[in-house]
A.B. asks: 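Okay, here's the structure, questions in a sec.
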Amino acid sequence: MNICPRCGSQHTEQVAASPVAGVWTVHMCSTCIFTWRSTEPEHITNPDKYLPAFKVDQADIPKAAHVPPIPARRV
Amino acid sequence: MAYQDFRDFLNTLEKEGQLLKVEEQVNLEPDISAATRALNNLGDKSPALLFNNINGYEKDQARIAMNVIGSWPNHALMMGMPKNTPLKEQFFEFAHRYDQFPMPVQREETAPFHEVELTENINLFELLPLFRLNQGDGGFYIDKACVISRDQDDPEHFGKQNVGIYRLQVKGKDRLGIQPVPQHDIAVHLRQAEERGQNLPVVIALGCEPVITTAAATPLKYDQSEYEMAGAIQGQPYRIVKAKDADLDIPWGAEVVLEGEILCGEREFEGPFGEFTGHYSGGRSMPVIQINRVYHRQNPIFEHLYIGMPWTETDYMIGVNTSVPLYQQLKEAFPNEVVAVNAMYTHGLVAIISTKRRYGGFAKAVGMRALTTPHGLGYCKVVIVVDEDVDPFNLPQVMWAISTKLHPKHDAVIIPDLSVLPLDPGSDPAGITHKMILDATTPLAPEQRGHYSQPLDSPPGVDQWEKKIINLLNRQQS
């Protein structure tokens, strides 16, 4: 759970645990903001088996289009 | 007939046999999405679902409501009509109530959601039973909440305060991503704030009664208040209460309320998210909301919406209320001609207009006008125009009109490079598309083509028999 299944980043943290202890934990990647629960199937949680069509290349993240664009400041 | 709050509406659904309680234990993924998708596959009369036994929580500790207005019976009940009201009647009743706009609001000092209030140690992942909707989604989303913001240049204008529904990705314990599509009102507010170098205050209300959700999903004009429209639809003033951190008004009956601000000049990777087009949006950089305050009722019910390949609850939620504004705006231009509008397909990317005509070429002008309505700027990629005696809600009739009245050489008009919402997967570049008007009306002088002088008519008395048969069927079923 320390490696992001989607972009491979090691910057991940646990953000929640089930109120009934030991059932599941929720994790988030601070690089691509992917979020997953420990009980989801391996094609969501395992970096080696994550859905290939939805893998994210960390190099593409800064190139993502801004929606909406940031406007110029009014003078 | 107004529903006090979300729970009041759930009680009505239960009384009417339109709420299914799932008592068996379910997993957050994939059970809740899978059950809701299955429900949508079963037809257009399906009930809402209420889950109260969720793995990882004690029973009743977390409750999730799905598909709350995801069928025509539930949509009819939202308007306080009998659950078996035919769709076309729901359309005309909605149009009638839309004409009662504006209904003044009723202001309150306190609300049930004030029961619990948090300003520190906010963790949305712990406060809400969040879950993934579709497998390729980039995270857990909130996609049926009312997001409220004000015009920054004219903050005193109540009508320019906007209540809209935007997808929100939970991106941290107290952070959300938001998708303000440029055609939507909140994008105007955000631009005004960012041009000043300021954050935009917002309030997010989850688990509202269904009339404000419907008004929030209606493409109103920029200066029309969703609260005053909700009052018109429910026939009673809509109840609102002030936020604490900003001059924003909140639906009184909400289960959970988040107060925060969209951070000026910040964009962060968001998505993908399975959208109402039946396709995932790609990953893009979108604005971020910082949450500063949370209120909720004791043991709140988390309302969520499954979105995916149409039809899902989304399509019921934005079917009639997309068709009626287009109808009213077309009637402003052609009050004696336009009969009805069906813009229920993928939020009106396809729209069908039934109209009388004054002379040859008239129907094409009606189609052109649809493209320039506020909603048409982002939708109405294909506009089909049919005669006044063709019911636009009856697709076999519409197909008949296209089959027999349309001449491709004369009646298929393509207008190049118009605006469309960027989520249209066919647009290229995203946000630009050709649009088409299909004139499937009968040629009228000075147009002389075709052989339409001997149309078949129905035997006398069909209308009365139709009502009689519906009554007989209802009696047989009850």
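Computation of the quantities below employed the complete heavy-atom set of this structure, encompassing side-chain atoms and omitting hydrogens, waters and symmetry-equivalent molecules. Letters A, B, ... are given to chains in the order of the sequence lines, protein chains preceding strands, and every chain is numbered from 1. Computed from a prediction, not measured in an experiment: that's the story for all the values here.
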A.B. asks: Given heavy-atom pairs under 4.5 angstrom as the criterion, report whether the side chain, backbone, both or neither of A:Arg6 touches chain B.
C.D. replies: side chain
A.B. asks: For chain A, find which of B:Arg196, B:Glu194, B:Lys173, B:Glu270 contributes the most heavy-atom pairs closer than 4.5 angstrom.
C.D. replies: B:Glu194
A.B. asks: Any side-chain heavy atom of B:Cys264 sitting closer than 4.5 Å to one from A:Arg73?
C.D. replies: yes
A.B. asks: List the atom of B:Phe125, the atom of A:Met28, and the distance in Å for their closest heavy-atom pair.
C.D. replies: CZ-SD, 4.2 Å
A.B. asks: Heavy-atom distances under 4.5 Å only: say whether B:Asn27 touches chain A with side chain, backbone, both or neither.
C.D. replies: neither
A.B. asks: Closest approach of A:Ile61 and B:Ser285, non-hydrogen atoms and distance?
C.D. replies: O-OG, 4.4 Å
A.B. asks: Can you tell which part of A:Ile33 gets under 4.5 Å to a heavy atom of chain B, answering side chain, backbone, both or neither?
C.D. replies: both
A.B. asks: Name the member of B:Gly197, B:Gly172, B:Gly138 that forms the most heavy-atom pairs with chain A at distances under 4.5 Å.
C.D. replies: B:Gly138
A.B. asks: Relative to chain A, which segment of B:Pro287 carries a heavy atom at a distance below 4.5 Å: side chain, backbone, both, or neither?
C.D. replies: both
A.B. asks: Checking heavy atoms, do the side chain of B:Leu130, its backbone, both or neither come under 4.5 Å from chain A?
C.D. replies: backbone
A.B. asks: At a heavy-atom distance under 4.5 Å, which candidate from A:Ser18, A:Ala65, A:Ala16 has the highest pair count against chain B?
C.D. replies: A:Ala65
A.B. asks: Chain B heavy atoms under 4.5 Å from A:Val20: which part of the residue, side chain, backbone, both or neither?
C.D. replies: both
A.B. asks: After noting the C-alpha distance and the side-chain angles of A:Phe54 and B:Gln135, does the key distance pass the side-chain contact (heavy atoms from CB on, under 4.5 Å) rule?
C.D. replies: CA-CA 9 Å; A:Phe54 292 92; B:Gln135 297 196 73; over 6 Å; no
A.B. asks: Report, as yes or no, whether the 6.0 Å neighbourhood of atom NE2 on A:His43 holds more than 12 heavy atoms from other residues, nucleotides or ligands.
C.D. replies: yes
A.B. asks: For A:Lys49, is the NZ atom crowded, meaning more than 12 foreign heavy atoms sit under 6.0 Å from it?
C.D. replies: no
A.B. asks: For A:Trp24 versus B:Gly56, what's the shortest heavy-atom pair and its separation?
C.D. replies: NE1-CA, 3.7 Å
A.B. asks: For B:Glu120, does the CD atom have more than 12 heavy-atom neighbours from other residues, nucleotides or ligands under 6.0 Å away?
C.D. replies: no
A.B. asks: Would you indicate whether the side-chain heavy atoms of B:Arg267 and A:Pro68 approach each other to under 4.5 Å?
C.D. replies: yes
A.B. asks: Between B:Asn55 and A:Val23, what is the shortest heavy-atom contact and its length?
C.D. replies: OD1-CG1, 3.5 Å
A.B. asks: A:Trp36 and B:Phe140: which non-hydrogen atoms are nearest, and at how many Å?
C.D. replies: C-CZ, 4.2 Å
A.B. asks: Hey, which of B:Glu58, B:Arg132, B:Glu266, B:Gln61 has the most heavy atom pairs under 4.5 Å with chain A?
C.D. replies: B:Arg132
A.B. asks: Using a cut-off of 6.0 Å, state whether more than 12 heavy atoms not belonging to A:Asp57 lie near its atom CG.
C.D. replies: yes
A.B. asks: Roughly how far, to the nearest 0.5 Å, is CZ of B:Phe131 from CZ of A:Arg37?
C.D. replies: 9.0 Å
A.B. asks: Measure B:Val181 against the heavy atoms of chain A and call it side chain, backbone, both or neither at under 4.5 Å.
C.D. replies: neither
A.B. asks: For chain B, which of A:Pro69, A:Ala64, A:Cys29 has the most heavy-atom pairs under 4.5 Å?
C.D. replies: A:Ala64
A.B. asks: Find the one option among B:Gln169, B:Lys171, B:Glu195 whose heavy-atom pairs under 4.5 Å with chain A are most numerous.
C.D. replies: B:Glu195
A.B. asks: Indicate the atoms forming the closest heavy-atom contact of A:Val15 with B:Asn123, along with that distance.
C.D. replies: O-ND2, 2.9 Å
A.B. asks: Quick one: which of A:Thr31, A:Val26, A:Ile44, A:Val67 has the most heavy-atom pairs under 4.5 Å with chain B, could you say?
C.D. replies: A:Val67
